[in-house]
Enquirer: 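Below is the structure I would like to discuss, written out as structure tokens.
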Amino acid sequence: MSIAEKIKVLIVDDQVTSRLLLSDALTQLGFKQITSAGDGEQGMKIMAEQPHHLVISDFNMPKMDGIGFLQAVRTNPNTKKAAFIILTAQGDRALVQKAAQLGANNVLAKPFTIEKMKAAIEAVFGALK
């Protein structure tokens with residue numbers, strides 16, 4: 001069993017198309033345990049019920065944005081150890097820096113390639129195979 005097969009992934013993005021693209025890319029990389037949420041509030045409910053090893057979250061979402069979600073994950077003792085990758089289409093360095101200060105493990109820019117996604121994940125977990 002590969003590392004990817006053991007990692008539970010939570011995708012948090014308000015765009016259905018984006019969630020589907022991320023899920024498809026993760027599946028191609030060998031991930032099997034993938035859950036999705038439409039915003040940070042829904043993501044936190046899922047994390048409270050069953051913590052995941054890896055969160056890939058968009059910045060801009062309704063209800064609770066990516067920064068708020070990251071803060072919520074990092075301040076909850078049951079979820080704070082999850083790896084967190086921020087997904088953004090923005091070139092806003094201030095947001096990226098804030099995410100890093102709050103404990104984001106990596107940033108993945110949209111549009112992404114499977115190779116870039118793999119590199120972002122491997123920078124956190126090591127080789128996936």
Side-chain angles (χ1 to χ4, degrees):
M1 181 180 281
S2 72
I3 291 172
E5 292 176 311
K6 298 176 187 176
I7 296 172
K8 290 181 187 171
V9 183
L10 175 61
I11 299 167
V12 184
D13 195 315
D14 61 319
Q15 300 294 317
V16 175
T17 304
S18 199
R19 290 195 306 265
L20 292 172
L21 288 170
L22 287 161
S23 182
D24 183 59
L26 287 164
T27 300
Q28 289 182 51
L29 291 173
F31 290 89
K32 304 222 181 282
Q33 301 177 71
I34 305 166
T35 308
S36 295
D39 61 54
E41 282 185 5
Q42 187 182 14
M44 244 358 258
K45 287 178 186 169
I46 291 169
M47 288 290 281
E49 292 169 12
Q50 176 139 42
H52 288 60
H53 305 108
L54 172 61
V55 175
I56 300 175
S57 176
D58 192 22
F59 261 130
N60 296 313
M61 299 179 289
K63 296 185 185 175
M64 183 189 291
D65 67 11
I67 293 293
F69 180 48
L70 173 58
Q71 286 178 306
V73 167
R74 288 295 180 245
T75 56
N76 183 319
N78 296 322
T79 61
K80 68 181 181 181
K81 291 183 180 178
F84 204 104
I85 296 175
I86 286 284
L87 182 67
T88 184
Q90 299 179 2
D92 189 336
R93 291 180 186 218
L95 281 175
V96 171
Q97 287 175 345
K98 181 158 180 102
Q101 290 170 352
L102 293 171
N105 298 87
N106 213 333
V107 176
L108 181 61
K110 289 191 228 179
F112 62 88
T113 62
I114 291 175
E115 292 79 20
K116 286 182 181 177
M117 174 185 271
K118 182 179 180 189
I121 294 169
E122 287 184 336
V124 179
F125 288 97
L128 293 176
K129 295 294 177 187

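Fair warning: this is a prediction, and the values are worked out from it, not measured in the lab.
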Enquirer: A side-chain contact here means heavy atoms from C-beta on lying under 4.5 Å apart; do Val12 and Gln42 qualify?
Expert: no
Enquirer: Has Asp14 got a side-chain atom pairing as donor or acceptor with Pro62's backbone, closer than 3.5 angstrom?
Expert: no
Enquirer: Using modelled atom types only, decide if a donor and an acceptor are shared between the side chain of Arg74 and the backbone of Ala82 within a distance under 3.5 Å.
Expert: yes
Enquirer: If you define the side chain from C-beta out and look only at heavy atoms, does anything of Lys110 sit under 4.5 Å from Asp58?
Expert: yes
Enquirer: Rounded to the nearest 0.5 Å, what separates atom CG in Leu29 from atom CG in Asp24?
Expert: 9.5 Å
Enquirer: So Asp65 and Phe59, do their side chains get closer than 4.5 Å, heavy atoms only?
Expert: no
Enquirer: Main chain of Arg19, side chain of Ser23: is a donor-acceptor contact present, judged purely on distance under 3.5 Å?
Expert: no
Enquirer: Just how far is it from atom NZ of Lys32 to atom CG of Leu26, taken to the nearest 0.5 Å?
Expert: 12.0 Å
Enquirer: May I ask you to test the Asn76-Met47 pair for a side-chain heavy-atom distance under 4.5 Å?
Expert: no
Enquirer: For residues Leu22 and Ile56, determine if any side-chain heavy atom of one lies less than 4.5 Å from a side-chain heavy atom of the other.
Expert: yes
Enquirer: Does Glu122 reach the main-chain N or O of Leu128 with its side chain, forming a donor-acceptor pair under 3.5 Å?
Expert: yes
Enquirer: I'd like to check Asp13 versus Leu87 (side-chain heavy atoms, cut-off strictly below 4.5 Å). Are they in contact?
Expert: yes
Enquirer: Side chains of Thr35 and Lys8: closer than 4.5 Å at any heavy-atom pair?
Expert: no
Enquirer: According to a 4.5 Å side-chain heavy-atom criterion applied to Ile, Leu, Val, Met, Phe, Trp and Tyr, with indirect links allowed, do Ile114 and Ile85 form part of one hydrophobic cluster?
Expert: yes
Enquirer: Would you find a donor on one side and an acceptor on the other, under 3.5 Å apart, between the side chain of Asn105 and the backbone of Phe84?
Expert: yes
Enquirer: For the atom pair CG (Asp39) and CG (Asn60), what is the distance rounded to the nearest 0.5 Å?
Expert: 13.0 Å
Enquirer: What's the spacing between Ile86 CD1 and Thr88 OG1 if we round to 0.5 Å?
Expert: 8.0 Å
Enquirer: Under the 3.5 angstrom rule, does the side chain of Gln33 hit a backbone N or O of Val9 as a donor-acceptor pair?
Expert: no
